[in-house]
There are 2 protein chains.
Amino acid sequence: MELSERKKQILKAVVEHYIDSAEPVGSKTISEELGVSSATIRNEFAELCELGYLEQPHTSAGRIPSPSGYRLYVNELMERRSLTPQETEGIDEALRGKLEDMGGAMTNAGQLVSSIVNYPAYSVTSGNSALTVERFELLSVDETSFIAVVMTSDKNVKSQLQGSELRFDPAHLSDLKNLLNTHFAGKSREEMSAHLMSVSDQLSPELFLVLSKTVEYASGILEEASKRDVETTGASRILKMPEYRDVDRAHELMTFLVDNKENLPVPEDGVPLKILIGPENVNEALRDTSVVVASYDIGDGMRGLVGVVGPTRMDYATVTARLSYFAESLTKMFGKGLPSPEE
Amino acid sequence: MELSERKKQILKAVVEHYIDSAEPVGSKTISEELGVSSATIRNEFAELCELGYLEQPHTSAGRIPSPSGYRLYVNELMERRSLTPQETEGIDEALRGKLEDMGGAMTNAGQLVSSIVNYPAYSVTSGNSALTVERFELLSVDETSFIAVVMTSDKNVKSQLQGSELRFDPAHLSDLKNLLNTHFAGKSREEMSAHLMSVSDQLSPELFLVLSKTVEYASGILEEASKRDVETTGASRILKMPEYRDVDRAHELMTFLVDNKENLPVPEDGVPLKILIGPENVNEALRDTSVVVASYDIGDGMRGLVGVVGPTRMDYATVTARLSYFAESLTKMFGKGLPSPEE
DNA sequence: CTTAGCACTCAGGGTAAAAGAGTGCTAAAA
DNA sequence: TTTTAGCACTCTTTTACCCTGAGTGCTAAG
């Protein structure tokens with residue numbers, strides 16, 4: 001059933017007042033705004049309550065939006081704000097400094113978002129489990145150590161000094177390198193370790209040790225890269241919000257944000273922006289918070305996420321506008337900046 | 001002037017009661033403990049107040065320790081606890097998992113400490129500005145890109161794919177590598193960039209570009225490594241402490257811990273453990289908190305720091321014992337674990 | 001359908017009294 | 001001289017209570 005135009009206006013007004021005052025909104029406030037008497041508004045209030053869009057903290061208080069009230073607001077009533085020049089400039093500015101180190105940008109994305117929207121934020125870099133090693137290099141150091149260099153298929157290069165318990169002849173490193181590149185490059189972790197078994201008897205023990213150390217190292221890198229990484233920041237911002245004046249509530253949310261960040265919502269692929277209001281969050285601990293989360297493209301079909309966590313009384317219009325802009329900017333950055341890395 | 005034995009006992013008792021109750025301690029509590037009448041205790045209280053070791057929140061309340069009371073307690077009265085087997089086991093256990101990735105251990109040190117002592121913690125890895133490049137390697141990729149590998153004097157190896165705007169002949173990379181190793185290895189950042197100038201006209205533009213990209217990359221690594229890095233964790237733990245039931249106080253400390261972490265105390269070299277009580281902290285924002293900070297050796301005369309921040313009513317005995325043990329364990333780990341890295 | 005009017009409800013603020021914890025002081029006991 | 005019992009006093013905390021004000025729901029008139 002469709003709401004009357006006036007009911008929508010009233011709901012919108014209540015939501016917006018409540019968003020910036022955090023206090024129940026009375027009929028008088030709305031009546032002044034819409035130019036109808038408060039009694040009329042009260043009648044409408046009563047119906048909106050009945051329909052489940054508004055709630056009453058207690059009999060003699062004003063109304064506050066229910067989760068479905070917010071939902072309707074977000075879906076239909078909210079004006080999609082465009083950002084002011086100051087806002088875009090602020091976000092551009094924040095991104096500009098970070099543009100240099102692309103890798104850092106992802107882990108810092110949360111911090112930026114948090115400062116941009118003034119809510120706690122999180123950043124997810126979805127792991128790439130399809131990653132393989134594109135190239136191995138072995139650099140000789142001495143008879144008991146060498147440097148393993150691994151370039152993954154996303155053009156990241158990692159390297160580490162490796163020590164071996166068995167002496168080996170550095171002259172053989174070049175052969176080993178070729179072996180690695182022909183038989184281990186392009187393989188998954190499982191394939192690599194399977195293949196490692198099969199060559200174990202074709203090599204001298206000391207060279208096999210070098211080989212396996214390198215493969216293990218590479219395997220560790222792939223595993224690390226396949227993990228989804230979630231970072232949260234700005235949790236302390238909630239302490240300025242009236243809904244978290246209660247230290248225990250604040251503590252609950254804050255510990256969730258640091259200890260359970262893996263359980264923060266991750267929308268399905270292809271959804272650029274998702275808003276989860278209160279009980280729409282499956283996670284119990286987020287039942288009275290809202291989450292807004294946007295995705296951006298990293299390239300190669302990969303994506304990252306940036307999200308915002310706050311009370312259901314969240315400034316959805318501003319948050320969605322800024323977050324979308326931020327995510328779009330990141331997508332652009334990655335489109336331009338990569339794949340030729342650095343400058 | 002030396003306090004009487006009994007005054008010391010009383011002070012000790014007051015501090016310890018206050019530490020675990022957070023409530024002013026009355027004469028009756030102490031009288032039961034020491035087997036003297038409460039009136040006697042009251043007389044002693046009055047004198048201890050006069051001497052500045054105790055304070056009275058208001059006329060008819062019990063006593064709480066003053067900062068100098070805590071100081072005396074820490075210096076003379078506190079029993080240096082040895083850890084229980086459970087405690088050492090807990091710490092060993094926490095470290096065991098992290099032993100593998102030594103680099104990670106340092107950034108995670110704060111987290112571990114925080115969970116070990118249940119206060120917010122911080123970890124400082126003091127930058128090494130004497131670091132130089134021990135070895136350069138250049139690996140050929142194609143005519144417009146190559147991999148720069150840099151091993152620093154602390155045996156860390158970093159590498160990155162570099163793109164060049166000018167085509168170059170990969171065959172020359174080996175010469176460039178030798179040039180780098182003979183003229184740039186072992187040099188400071190300033191020396192490297194100075195030398196870069198001097199070779200600019202001895203090389204073709206495209207090779208100079210490769211060279212300078214590599215040197216810049218190395219320089220960036222050295223700069224990064226020279227920076228002191230401070231990480232804080234566990235800030236939300238304060239929300240469980242009665243002194244931070246006031247959201248504003250909590251917020252103040254928490255934002256300090258994230259935004260001003262560089263201003264956390266860093267003791268002079270050679271001090272294994274430092275305790276700063278309330279106003280002993282020069283920093284205004286820490287005026288009514290205490291900080292306990294321990295240092296550990298990384299090797300090569302370098303050190304790291306782990307510290308704990310909490311209310312002046314901190315459990316100094318437990319914190320110092322656990323923190324010391326933790327720092328000593330780290331020192332041992334680094335002594336054994338490095339310089340031959342990994343396993 | 002809208003609005004004025006009115007009685008009603010309930011949270012929040014303020015004051016007052018009561019309770020409780022602990023003190024300081026005095027005077028007696030050790 | 002030191003310790004202790006006793007007692008009046010102080011000050012916070014708790015509870016109760018009332019009052020106020022914001023806001024409601026309902027009714028009846030416009």
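Keep in mind that what you see is a predicted model, and the values were worked out from it rather than measured. Within every chain, numbering begins at 1; the chains are lettered A, B, ... in the order of the sequence lines, protein sequences first and strands thereafter.
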Rounded to whole angstrom units, what separation is found between the [atom1] atom of [X] and the [atom2] atom of [N]?
| X | N | atom1 | atom2 | value |
| --- | --- | --- | --- | --- |
| B/Ile64 | C/dA21 | CD1 | P | 19 Å |
| B/His58 | C/dT23 | NE2 | P | 10 Å |
| B/Leu48 | C/dG22 | CG | P | 17 Å |
| B/Glu50 | C/dT23 | CD | C1' | 15 Å |
| B/Leu54 | C/dG24 | CG | C1' | 16 Å |
| A/Glu5 | C/dC1 | CD | C1' | 18 Å |
| B/Phe45 | D/dT3 | CZ | P | 15 Å |

Between [N] and [X], is there an OP1 or OP2 to side-chain N/O distance shorter than 4.0 Å?
| X | N | answer |
| --- | --- | --- |
| A/Gln56 | D/dG25 | yes |
| A/Arg6 | C/dC1 | no |
| A/Thr59 | D/dT24 | no |

- prompt: Any salt bridge between A/Glu55 and A/Arg63, counting N to O under 4.0 Å?
  reply: no
- request: Test B/Glu76 against B/Lys8 for salt bridge (Lys or Arg N to Asp or Glu O under 4.0 Å), laying out the working first.
  value: CA-CA 9 Å; B/Glu76 303 182 28; B/Lys8 287 185 184 175; 3.6 Å; yes
- prompt: Is the cationic atom of A/Arg249 (NZ for Lys, CZ for Arg) positioned less than 6.0 Å from the six-membered ring centroid of A/Tyr244 and within 45 degrees of its normal?
  reply: yes
Any side-chain to backbone donor/acceptor pair from [X] onto [Y]? Under 3.5 Å, distance only.
| X | Y | value |
| --- | --- | --- |
| B/Ser21 | B/His17 | yes |
| A/Glu50 | A/Glu47 | no |
| B/Thr289 | B/Pro311 | no |

Exercise: do [X] and [Y] side chains pair donor with acceptor under 3.5 Å:
| X | Y | answer |
| --- | --- | --- |
| B/Asp92 | B/Tyr325 | yes |
| B/Tyr122 | B/Ser114 | no |
| B/Asn281 | B/Arg287 | no |

- line: What residues 238-249 of chain A contributes to the DNA chain D interface at heavy-atom separation below 4.0 Å is none
message: What residues from residues 10-43 of chain B pass a heavy-atom cutoff of under 4.0 Å to DNA chain D?
response: B/Val36, B/Ser37, B/Ala39, B/Thr40, B/Arg42, B/Asn43
